[in-house]
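A short worksheet on the structure shown next.
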Amino acid sequence: HFYRLCTLPMGMRQSVQIAQRAMQKVTFVPGNRTERAVCIDNGLIVGDRDAVRADLIQIRERAKRCGLTLNEAHDMATDIDACIFTQGEWGGIALDFTNKTVKLTQKVLAKIDASFANRGRWSVRGFVAHMGLLYRSVGILAVPLADYFALLRFTSRVNQAMAEEGEAADWDRPITVWPSAMTHLAEWTALCLRNEPRQHRPHPPQATWTMATDACRYGWGYVAVNNETGEVRTHGEPWKYPFRRANYDLLGRSTSTQPHGVYTAAGHLLSNTRRRQHFA
């Protein structure tokens with residue numbers, strides 16, 4: 001006897017890739033009238049209402065032809081305007097296209113609140129799970145990561161210890177969080193629960209240079225590629241003495257040296273140019 005699957009089982013290793021590619025194909029409508037985003041089997045079309053409506057009609061017909069069932073299939077068949085919104089949730093983000101803002105969804109906030117309320121009984125697994133929820137806010141809310149250095153350092157130590165233990169690691173043993181890390185953890189959690197919307201900033205102009213930097217206690221360096229000419233520039237050097245003297249206590253912190261490295265590298269890269277340039 002032979003059998004075949006009628007639907008894609010999401011437990012298969014390749015299912016996520018198949019779903020992502022299928023949604024990309026179905027939602028890509030030629031004409032560049034709209035912008036689109038795809039996250040596995042979720043699609044989002046953004047643009048003027050008439051353009052979004054026109055693309056949705058084509059997406060509806062494409063889905064029908066290839067046998068793809070959409071959750072909004074009924075609305076798209078009877079009232080396609082019901083699928084167009086200016087506020088809503090997508091991919092775990094609360095979107096406001098009128099005010100151009102983003103924030104966390106209530107579902108995510110409920111998880112963060114419940115997790116933090118259970119902090120007195122956290123195991124290693126519970127702590128790591130809570131950090132996963134907090135990291136979710138990065139790029140959505142205005143999170144000052146550099147201010148939470150003690151927490152980031154403690155998290156790194158925990159990850160290192162569990163990695164070294166390998167398969168023998170006990171994720172369910174109790175965990176004691178450093179007081180300094182717990183202070184930062186509470187501050188970050190409170191920031192998430194306030195959930196103040198972050199204004200979306202438009203994409204910057206096409207970068208003239210793409211630059212990779214690195215910095216440490218000793219010094220800084222970079223590699224930069226000119227996107228217009230293909231020129232490659234590299235440079236590195238120790239910190240200047242006045243900088244080392246003024247920032248001696250901060251040189252051991254990557255959250256301090258790395259931003260200074262970016263700033264210093266950009267100054268060095270663009271110091272001999274005679275026109276306005278952008279770098280990424």
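Note that the numbering runs from 1 along the sequence shown for the chain. Keep in mind that what you see is a predicted model, and the values were worked out from it rather than measured.
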Item to check | With sequence neighbours excluded, residues passing side-chain hydrogen bond (donor to acceptor under 3.5 Å, both in side chains) with D214 | outcome: Q258

Checklist entry - When rounded to the nearest 0.5 angstrom, what is the spacing between CZ in R62 and CG in L70? => result 12.5 Å

Next on the checklist: Using 0.5 Å steps for rounding, measure from the CG atom of N195 to the CD atom of Q106.
Outcome noted: 7.0 Å

Next on the checklist: Quick check: Y135 with W188 (ring centres under 6.0 Å apart)?
Outcome noted: yes

Checklist entry - Is a side-chain N or O of S115 found less than 3.5 angstrom from the main chain of K111, in a donor-acceptor match? => result no

Item to check | Closest non-hydrogen atom pair, R125 against D172 | outcome: NE-OD1, 2.9 Å

Item to check | Atom pair CZ/CG of R253 and N247 - distance to nearest 0.5 Å | outcome: 12.0 Å

Item to check | Nearest heavy-atom neighbours spanning T257 and L250 | outcome: CG2-O, 4.1 Å

Checklist entry - Do you know which two heavy atoms are closest between E196 and L141, and how far apart they sit? => result O-CD2, 3.5 Å

Checklist entry - Where does the angle between the aromatic ring planes of W239 and H260 fall among parallel (under 30°), tilted (30 to 60°) and perpendicular (over 60°)? => result perpendicular

Next on the checklist: Taking M131 as the starting point, is it possible to reach F149 by hopping between hydrophobic residues whose side chains are less than 4.5 Å apart?
Outcome noted: no

Checklist entry - For N99, does its backbone N or O pair with a side-chain atom of Q199 as donor and acceptor, under 3.5 Å? => result yes

Next on the checklist: In terms of relative ring orientation, are F127 and F154 parallel, tilted or perpendicular, with 30° and 60° separating the classes?
Outcome noted: perpendicular

Checklist entry - Taking atom CZ of R194 as the centre, does the number of heavy atoms from other residues, nucleotides or ligands within less than 6.0 Å exceed 12? => result yes

Next on the checklist: If we count only N and O atoms by modelled type, under 3.5 Å, do the side chains of R157 and Q160 hold a donor and an acceptor together?
Outcome noted: no

Next on the checklist: For a quick test of reading the model, state the closest non-hydrogen atom pair linking R198 to I140 and the distance between them.
Outcome noted: NE-O, 2.8 Å

Checklist entry - For the rings on H268 and Y222, is their centre-to-centre separation under 6.0 Å? => result yes

Next on the checklist: If we ignore hydrogens and angles and just use 3.5 Å, is the side chain of S256 paired with the main-chain N or O of G252 as donor and acceptor?
Outcome noted: no

Checklist outcome for this item: Between L269 and R233, the two heavy atoms sitting closest are O-NH1, 3.1 Å

Item to check | Least distance between heavy atoms, I93 atom then V102 atom | outcome: CG2-CB, 3.9 Å

